[in-house]
Amino acid sequence: MSTASPSAAPLAPPAGRADETPRRIMVLGAGDLGRRAFHELAHSHRPRDLQLVGRDEDTVVRATNLTRFCAAQRGYTPTVGHALTDLTDVARTAERIAAFRPDILFLAASYQSWWVISTLEQAAFRRLYAANYGPWLPMHLVPVMKAMEAVRFSGVEPLVVNAAYPDAVHPVLHTVGLSPHLGIGNVANNVPGITAAVADELRRPTREVEVRLVAHHYVSHRLSRHGDSGPAEMGLGVRVDGRDVTDELDLPALLARLPERYRRTGGLPGQAMTAASALSVLEPLADGRDALVHAPGTLGATGGHPVALRSGEPRIDLPDGMTAEQAHAINLSGQVQDGITEIRPDGTVVFEPASMAVMTAELGYECAEMKLSDAEDRAREISDRFAAHRTRTTPTP
Ligand SMILES: NC(=O)c1ccc[n+]([C@@H]2O[C@H](COP(=O)([O-])OP(=O)(O)OC[C@H]3O[C@@H](n4cnc5c(N)ncnc54)[C@H](OP(=O)(O)O)[C@@H]3O)[C@@H](O)[C@H]2O)c1
């Protein structure tokens with residue numbers, strides 16, 4: 001039976017790829033999540049050639065050296081290097097990719113990460129939080145689109161794994177053939193908690209419990225805070241020792257324990273969970289191991305699913321008895337609650353009026369529909385309006 005999060009650093013090289021050529025992994029985006037994933041990737045006896053790429057030289061050099069020295073201190077000897085680019089310079093990013101020729105490219109760049117609004121004054125944060133995540137889409141979409149354009153220009157064909165809102169970014173970019181192969185986090189971040197709740201309830205070891213979850217970012221975000229999927233749908237299947245026990249469990253009662261007995265550290269320190277979810281995808285891909293993981297945005301799909309990684313290829317692997325149409329409908333219901341009514345076949349995004357009304361009231365930002373060609377201007381506008389909002393809402397000392 002497969003398990004959902006095989007990410008612990010091994011003490012000795014495990015069985016895996018017969019060929020021991022170092023896997024070349026580029027982490028593009030040197031913020032909190034990118035640096036965490038880079039750091040963890042270096043703590044392996046597997047032959048790895050790692051490169052951290054960011055736009056601020058001092059940050060990137062310090063982070064790279066920290067990772068190199070920590071790995072050496074613990075007896076790991078990966079090749080660790082760095083490079084610089086600004087994603088707005090697609091040609092330069094393409095040169096960096098062509099020079100390093102990554103097998104795997106992990107994108108962890110964003111114009112404004114999810115946690116930034118939590119640094120507002122508390123009342124201002126709570127009001128803006130009510131907009132949900134969908135209206136912020138341009139802040140994640142544009143850097144990923146730039147990175148994917150650079151991949152295309154580079155002539156290199158790495159497997160691309162992206163952290164920035166893959167549930168919605170990937171289906172939009174899929175319409176123009178620029179979707180990364182798969183995402184990380186979101187749906188995956190709740191699987192260990194659900195697995196622990198089931199295992200404890202049934203008094204079985206967690207390794208015997210296999211959870212398969214279908215959920216959009218909206219639901220993933222809600223589950224750990226409220227213990228339910230709210231007005232959106234979710235799909236959950238549970239096997240114990242290979243037997244489907246879903247109907248024998250009181251799932252609402254188990255999920256309700258997530259923000260209670262199974263609560264976990266949140267905010268920036270809590271991004272350790274996201275980094276572990278990233279590693280659960282990146283390590284099997286790097287090591288040529290097959291695995292059952294969870295990921296959003298697989299091959300351009302909307303929302304999150306269980307995903308089988310077989311010979312380096314991702315394939316959505318749904319809970320027992322669920323059809324692809326049912327999974328898609330579940331994820332669309334989450335997408336709407338997140339504030340995105342529709343992603344049209346030409347990549348135009350239609351936003352939910354209720355979510356956008358919050359953005360308009362708080363930031364003065366209004367966007368009923370966004371063509372892909374307008375996304376960059378929209379990202380710039382949100383950035384400017386958010387900066388002005390912070391100034392307005394920050395109490396003077
Ligand atoms: N899927 C999940 O479960 C999950 C969980 C957590 C976070 N995330 C997402 O992952 C992404 C990264 O999150 P984070 O918390 O690590 O954010 P972060 O700390 O703000 O890092 C974002 C990075 O993007 C870089 N960046 C921005 N514009 C750039 C440009 N033009 N060229 C090059 N780099 C640029 C920033 O560079 P500077 O430092 O130079 O500004 C920063 O290093 C976000 O989209 C976030 O929402 C996803």
Side-chain angles (χ1 to χ4, degrees), residues 5 26-39 52-64 82-94 96-97 106-119 133-134 136-147 149-150 161-170 180 182-192 213 215-224 264-282 293-298 303-304 338 376 379-380 382-383 386:
S5 48
M26 176 184 276
V27 175
L28 183 37
D32 184 73
L33 187 57
R35 293 198 308 265
R36 284 179 192 268
F38 184 72
H39 197 80
L52 180 65
V53 186
R55 61 178 170 176
D56 179 67
E57 184 169 15
D58 188 53
T59 303
V60 175
V61 168
R62 285 178 187 278
T64 305
H82 76 274
L84 299 176
T85 192
D86 189 307
L87 281 166
T88 54
D89 186 343
V90 172
R92 187 170 176 214
T93 308
R96 295 288 174 249
I97 295 169
F106 178 50
L107 302 177
S110 168
Y111 291 165
Q112 187 173 309
S113 189
W114 67 273
W115 51 264
V116 175
I117 66 166
S118 71
T119 62
Y133 210 48
W136 300 97
L137 174 68
M139 309 307 270
H140 309 281
L141 174 65
V142 175
V144 178
M145 182 166 67
K146 298 269 179 207
E149 285 168 359
V161 180
N162 163 53
Y165 200 13
D167 306 68
V169 166
H170 292 196
L182 73 169
I184 61 97
N186 296 340
V187 66
N189 297 341
N190 287 299
V191 171
L213 178 61
H216 193 272
H217 167 272
Y218 171 84
V219 174
S220 311
H221 186 74
R222 222 190 123 90
L223 272 176
S224 57
R264 57 179 154 87
T265 306
L268 263 180
Q271 291 209 141
M273 186 69 248
T274 318
S277 297
L279 269 287
S280 78
V281 169
L282 294 169
V293 298
H294 280 79
T298 302
D338 228 9
E376 207 167 342
R380 211 170 291 122
I382 293 175
S383 186
F386 182 76

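On a predicted model such as this, the values are computed, not experimentally measured, just so you know. Atoms within a ligand are numbered from 1 in the order they appear, just like the ligands themselves.
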Go through ligand 1 atom by atom and flag the ones less than 4.0 Å from a non-hydrogen atom of Tyr133.
-> 47 (O)

Atom 1 (N) of ligand 1 - nearest protein heavy atom and its distance | Ile184 O, 2.9 Å

Flag for Asn186-Tyr133: side-chain donor and acceptor within less than 3.5 Å | no

Minimum-distance protein heavy atom relative to atom 5 (C) of ligand 1 | Thr274 CG2, 3.1 Å

Are any side-chain N or O atoms of Asp167 and backbone N or O atoms of His217, one a donor and one an acceptor, separated by less than 3.5 Å?
-> yes

In terms of atom number and element, which parts of ligand 1 are under 4.0 angstrom from non-hydrogen atoms of Trp115?
-> 14 (P), 15 (O), 17 (O), 19 (O), 20 (O)

Per-atom contacts, ligand 1 versus Asn186 - under 4.0 Å to a heavy atom | 1 (N), 2 (C), 3 (O)

Nearest to atom 13 (O) of ligand 1, what protein heavy atom do you find, and at what distance?
-> Ser113 OG, 3.2 Å

Candidates Ala163, Ala37, Ala295; heavy atom nearest atom 9 (C) of ligand 1 found on Ala163

Kindly identify the option in Leu28, Leu87, Leu141 whose heavy atom sits closest to atom 32 (N) of ligand 1.
-> Leu87

Closest to atom 12 (C) of ligand 1 among protein heavy atoms sits Ala108 O, 3.5 Å

Counting N and O atoms only, with roles assigned by atom type, does the side chain of Asp86 sit under 3.5 Å from a partner on the main chain of Arg55, one being a donor and the other an acceptor?
-> no

Element-labelled atoms of ligand 1 that are located less than 4.0 Å from some non-hydrogen atom of Ala164 | 45 (O)

Checking side chain to side chain contact (heavy atoms under 4.5 Å, CB included) for the pair Arg35/Thr59: CA distance, chi angles, key distance, verdict?
-> CA-CA 10 Å; Arg35 293 198 308 265; Thr59 303; 4.1 Å; yes

Value for OG1 (Thr85) from CZ (Arg96), rounded to nearest 0.5 Å, stands at 6.0 Å

Carefully, step by step, assess Leu87 and Leu28 under the rule side chain to side chain contact (heavy atoms under 4.5 Å, CB included).
-> CA-CA 9 Å; Leu87 281 166; Leu28 183 37; 4.1 Å; yes

Can you list the atoms of ligand 1 that are under 4.0 Å from a heavy atom of Tyr111?
-> 28 (N), 31 (N)

At the 4.0 Å heavy-atom cut-off, does Pro143 count as touching ligand 1?
-> no

Please identify each residue that fulfils side chain to side chain contact (heavy atoms under 4.5 Å, CB included) with Ala379, with sequence neighbours left out.
-> Tyr111, Pro138, Met139, Val142

Please check if the side chain of Ser280 supplies one atom and the backbone of Ser277 the other of a donor-acceptor pair under 3.5 Å.
-> yes

Starting from atom 11 (C) of ligand 1, which protein heavy atom do you reach first, and at what distance in Å?
-> Ser110 CB, 4.0 Å

For atom 31 (N) of ligand 1, the closest protein heavy atom turns out to be Asp86 OD1, 2.9 Å

Within 4.0 Å of some non-hydrogen atom of Asn189, the atoms of ligand 1 are 3 (O)

Considering heavy atoms of the protein only, find what lies nearest to atom 7 (C) of ligand 1 and give residue, atom and distance to 0.1 Å.
-> Gln271 OE1, 3.2 Å

Side-chain donor/acceptor of His294 to backbone N/O of Leu213, under 3.5 Å = yes

Which atoms form the tightest heavy-atom contact between Val161 and Ile184, and what is the distance?
-> CG1-CG2, 3.3 Å

Closest protein heavy atom to atom 16 (O) of ligand 1, given as residue, atom name and distance to 0.1 Å = Leu33 N, 2.8 Å

Between the candidates Arg55, His140, Gln112, Met139, which shows the shortest non-hydrogen contact distance to atom 38 (P) of ligand 1?
-> Arg55

Beyond-backbone contact of Ser220 with Asn189, side-chain heavy atoms, under 4.5 angstrom = no

What distance separates Asn190 CG from His221 NE2, expressed to the nearest 0.5 Å?
-> 10.5 Å

What atoms of ligand 1 come within less than 4.0 Å of a heavy atom belonging to Ala109?
-> 24 (O)

